[in-house]
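Presented below is the structure to which this report refers.
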4 protein chains.
Amino acid sequence: MPKFDVILKAAIKIIGQKGFHNAKIKDIASEADVADGTIYNYFSNKEDILVTIFRIKLEDYVNKAKREIKGVEDTEKKLEILIRHHFKVMSENPDLAKVLQVELRQPNKEMRTKVRLHLKNYFNIIETVINDGIAKGIFKKNLHIHLAREMYFGTLDEVISTWVFSGQHWNLNAHVDELTEMFTKAFS
Amino acid sequence: MPKFDVILKAAIKIIGQKGFHNAKIKDIASEADVADGTIYNYFSNKEDILVTIFRIKLEDYVNKAKREIKGVEDTEKKLEILIRHHFKVMSENPDLAKVLQVELRQPNKEMRTKVRLHLKNYFNIIETVINDGIAKGIFKKNLHIHLAREMYFGTLDEVISTWVFSGQHWNLNAHVDELTEMFTKAFS
Amino acid sequence: MPKFDVILKAAIKIIGQKGFHNAKIKDIASEADVADGTIYNYFSNKEDILVTIFRIKLEDYVNKAKREIKGVEDTEKKLEILIRHHFKVMSENPDLAKVLQVELRQPNKEMRTKVRLHLKNYFNIIETVINDGIAKGIFKKNLHIHLAREMYFGTLDEVISTWVFSGQHWNLNAHVDELTEMFTKAFS
Amino acid sequence: MPKFDVILKAAIKIIGQKGFHNAKIKDIASEADVADGTIYNYFSNKEDILVTIFRIKLEDYVNKAKREIKGVEDTEKKLEILIRHHFKVMSENPDLAKVLQVELRQPNKEMRTKVRLHLKNYFNIIETVINDGIAKGIFKKNLHIHLAREMYFGTLDEVISTWVFSGQHWNLNAHVDELTEMFTKAFS
DNA sequence: TATGAATGAGAATTCATTCAT
DNA sequence: TATGAATGAATTCTCATTCAT
C-alpha cells in the first residue's frame with residue numbers, strides 16, 4: 001500500500017478512536033509505522049490530514065453511492081439503497097464513521113469551510129433523489145427539500161452515532177427497511 | 001449575578017464560539033471578568049466546566065419542556081410544543097446550541113459517560129410522547145421507539161446544526177409545523 | 001491554647017508530614033481550624049512559620065537541656081542526659097523531629113542564615129560538654145571540637161532520621177547507653 | 001558529551017545550588033543549553049531527574065568505593081579509604097554533594113522509596129567493613145551494626161553538610177585520619 | 001481580629017513542526 | 001524520501017498572599 005494510504009488509514013483509526021485533538025501525530029506515525037517527520041512529506045499539517053480524510057472518503061462515498069443507484073427507477077428503492085450504502089460504509093469502518101460523525105462538527109471556521117465543499121456533493125445525492133420523488137409525485141409537491149435532507153442525514157447520523165458510541169453491538173442493516181418506510185411517509 | 005453564573009455564561013459563550021479545545025481558560029476568565037484562578041474556585045478543572053454546562057442546561061431544558069407539555073392531551077400538539085421549545089432554547093442562545101450540538105459528541109469516553117446521565121432525561125421526554133402516541137393509536141403499534149427517537153433528535157440536531165453553522169440567518173420557528181407533520185407521518 | 005500556638009502546632013504537624021514545599025497554607029489553616037488569612041495575622045509569610053518553629057522549638061530544647069544537665073558533674077553522665085533528652089523531644093513529637101531534620105537543610109540561603117542563629121545555642125550545649133570533658137582529662141587534649149560536635153549531632157540526626165522514616169517502630173531510648181559509650185570512646 | 005549527560009550535569013549544578021523545588025526546568029535547560037522540551041526526551045518528569053541523579057551517582061560511588069577497598073586487608077585502612085573516597089567525591093562536586101545531602105531527605109514518600117533502593121548498596125559497603133572488623137576482633141563483638149553505620153554516615157553527612165553550607169573553605173581531607181581514629185575507637 | 005473569595009504570577013509539561021543527516 | 005531529536009510556544013492549574021467585609 002502506498003505510504004500515503006498507509007498514513008491516511010492510520011489517521012482514520014487514531015482520529016476515529018481518540019478524536020482529532022487527542023490524536024497525536026506521534027500516534028498516527030506509530031500506527032502507520034513511519035517516522036513523525038514522514039507524515040509531513042504527504043500532508044502539510046495535522047489539519048490537512050483531517051480535511052484530506054473528508055475529501056477522499058466523501059468523494060469515494062459519493063462515487064459509489066451514485067454508481068449503486070444508477071439505473072434504479074423506483075424512488076423508494078433508491079432511498080433504500082442509499083441507506084444501505086450508508087450503513088455499509090459506516091459498518092465496515094467504524095473509525096471512519098466516528099471521524100465523519102464527530103469531526104465534521106469542527107468549530108474551527110476555516111476547516112468547516114474546507115469541509116463544506118466536499119459535503120455539497122454528499123448532500124446532492126439525497127437531494128436529487130428527493131427531487132426525483134417530488135417530480136414523480138411520490139413525495140408531496142411542497143416538501144421542503146432542505147428540511148427533508150436534514151431529516152435524512154440527521155437521522156442516519158444519530159443512528160450511526162448511537163451505534164458507534166454504544167459499541168456497535170447490533171446489525172445496522174436490520175433497520176434499513178423500517179427507516180426507508182419512515183422517510184417515505186415523512187416526505188409524502 | 002453570582003460569580004458561578006457569570007463564569008458559566010462566559011464559558012458557554014466562549015466554548016460555543018471556539019469549541020472546547022480552542023477555548024482557553026484565559027478567554028473564559030477574561031469574558032467573565034475574573035482572574036484565571038477564580039474559575040478554579042467554582043470548577044475543579046476545564047472539563048468540569050463543560051460537564052456542568054450540560055448538567056445545568058439539560059436539567060433546565062428538561063424541566064421546562066415537561067412543564068410545557070403538562071396537561072396537553074393531543075400527541076401531535078405535544079410534539080409541536082417540544083419542537084418549538086427546542087428551537088426556542090437554541091434560538092435564544094446559539095452559543096449554548098453550539099456547545100450542546102458539537103461538544104456533546106466528544107469522543108472522550110469519560111466525558112461521554114458523565115454526559116450520558118443527563119441525556120437520559122432528555123431522551124425520556126420524547127420517548128414518553130412517542131409511547132403515548134402509540135398507546136393512543138396515533139402512531140403505529142410496532143413503531144421502533146429508539147429509531148423514532150433517533151429520527152426526532154437527529155433531525156432537530158441537524159436542523160439546528162445547519163442553522164448554527166450557517167450563521168442563524170433564518171427563523172427556526174418557520175419549520176415547526178412542517179416538522180411536526182413529517183414526524184407524525186413517519187411514526188404512523 | 002492561644003491561636004498563635006494552635007497555628008504553630010498545626011504547622012509542625014503538616015510540615016512534618018508533607019515537607020515545607022508540599023505543606024499548603026490551606027492545610028495548615030485547616031488543621032488549626034482557622035481561616036487562611038488568619039495565619040497572616042500571626043506570621044508574616046510561609047517562610048516565617050518555618051523559621052519561627054526553629055526559633056521557638058530550638059530555644060525550648062536548649063533551655064530544657066541546660067536545665068537537665070545543671071548540677072551534673074560527670075561528663076559521661078551529661079552526655080547520656082543530653083542524648084536521652086534529644087531522643088525524648090524527638091520521640092514525643094515525630095513531626096517536629098521531621099521538621100528539624102529535613103527542613104533544617106533548606107537550600108535557601110536567606111532561610112539558612114536565619115536558622116543558623118538559633119542553631120548556635122543548640123551546638124553550644126554539646127560543645128560545652130565536650131570542652132568540659134577535655135578539661136577534665138576524660139577526652140583527649142587534641143580532640144577536634146567541631147569534628148566531635150559533628151559526630152555527635154550527625155549520629156543523632158541519622159538515628160532519628162532512620163527512626164522517623166521507618167515509622168518509629170522501636171524505642172529510641174534502647175540505644176542511649178550504647179551511644180554514650182561510643183561517643184565517649186571516640187572522643188577519648 | 002551525550003545530551004543525556006549534559007542535562008544530568010546541568011541538573012546537578014542547578015539543583016545543587018537552588019534545591020530541587022527552586023530549580024526550574026527552564027534553569028536546567030538553560031544551563032544545559034537545550035530547549036525546555038528536550039529535557040523531556042531524556043527524563044519523564046522533573047522528579048525523574050532527581051531520582052536518576054541518585055541512581056547513577058550512587059551506583060558510581062559504590063562501584064568506585066568497592067574497587068578502592070578491594071584487596072585491602074586492614075579494616076582500619078579500609079575505613080580510611082572509604083572516608084577519603086567519600087570526601088573526594090564530595091569535594092570534586094560540591095553541587096552533587098548538596099543534592100545528595102539535602103534532597104535525599106525529601107519527605108515525599110514515593111521518592112524516598114525509589115531512592116532507598118539505591119541507598120541499600122551504599123549502606124552495604126560500610127556494613128560489610130564493620131562486620132569484617134568484628135570478625136577480625138578489631139571491633140567489639142556486640143557492636144550494634146546499624147548504630148555503627150548510622151554513626152558513620154551521620155557523621156560524614158554532618159561534616160559534609162557543614163562544609164558545603166559554610167562555603168567549602170577548608171580541605172576535607174585534613175580530617176580523614178582523625179575521623180578514622182574516632183570511628184575505630186567508637187566501634188571497639 | 002477573623003474571614004475566605006479573589007488574585008495572577010509562575011511552572012511543569014505537551015506536541016506540532018522543523019531540519020540536519 | 002525517511003528519520004527522529006530538538007524545538008519552544010502555548011496552556012492548564014496551583015497557591016501564597018491580599019483585602020473588603
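These numbers come from the heavy atoms of this one structure, side chains and all, not from hydrogens, waters or symmetry mates.
Considering only side-chain N and O atoms, A:Lys3 lies nowhere under 4.0 angstrom from the phosphate OP1 or OP2 of F:dT1.
Summarising the geometry, the separation between NZ on B:Lys18 and C1' on F:dA10 is reported as 13 Å, rounded to the nearest angstrom. Rounded to whole Å, atom C1' of E:dT14 lies 12 Å from atom CG of A:Asn22. In this structure, the CD1 atom of B:Ile39 is 10 Å from the P atom of E:dT7, given to the nearest Å. Between D:Phe4 atom CZ and F:dA5 atom C1' the separation is 16 Å, expressed in whole Å. One atom, NZ of B:Lys24, and another, C1' of F:dA9, lie 12 Å apart when rounded to the nearest Å. Rounded to an integer number of Å, the gap from A:Ile28 CD1 to E:dC15 C1' is 12 Å. To the nearest angstrom, P of E:dT18 lies 15 Å from NZ of A:Lys26. Straight-line distance from the CG atom of A:Asp48 to the P atom of E:dA16: 14 Å, rounded to whole Å.
Minimum heavy-atom separation, B:Ala32 to B:Val6: O-CG1, 3.5 Å. Of all heavy-atom pairs spanning B:Ile12 and B:Asp95, the tightest one is O-CB, 3.6 Å.
With E:dT7, F:dA2, E:dG4 as the candidates, the nucleotide lying closest to the side chain of B:Val34 is E:dT7. Taking only side-chain atoms of B:Lys46, from C-beta outward, the nucleotide of F:dT12, F:dT17, E:dA12 with the closest atom is F:dT12. For A:Tyr40, the listed nucleotide lying nearest its side chain is E:dT17; candidates were E:dT17, E:dT3, F:dT1. Ranking F:dT3, E:dT3, F:dT7 by closeness to the D:Asn41 side chain, first place goes to F:dT7.
For the pair B:Ser44 and C:Asn45, both in contact range of DNA chain F, the more 5′-proximal nearest nucleotide belongs to B:Ser44. Nearer the 5' end of DNA chain F, as judged by each residue's closest nucleotide, is the contact made by B:Ala23, out of C:Gly37 and B:Ala23.
Pairing partner, F:dT21: E:dA2, with both Watson-Crick or wobble hydrogen-bond distances short of 3.5 Å. For F:dA9, the paired base is E:dT14 (Watson-Crick or G-U wobble, both distances below 3.5 Å). Pairing of E:dA9, defined by two Watson-Crick or G-U wobble distances under 3.5 Å, is identified with F:dT14.
Here the side chain of C:Asp60 pairs no donor or acceptor atom with the backbone of C:Lys57 at under 3.5 angstrom.
The residues D:Lys114 and D:Glu47 are annotated as salt-bridged, a charged nitrogen and a carboxylate oxygen being separated by less than 4.0 angstrom. Taking the charged nitrogens against the carboxylate oxygens, D:Lys26 and D:Asp36 do have a contact shorter than 4.0 Å, which makes a salt bridge.
When heavy atoms are screened at a 4.0 angstrom cut-off, C:Tyr42 is found touching the sugar-phosphate backbone but no base atom.
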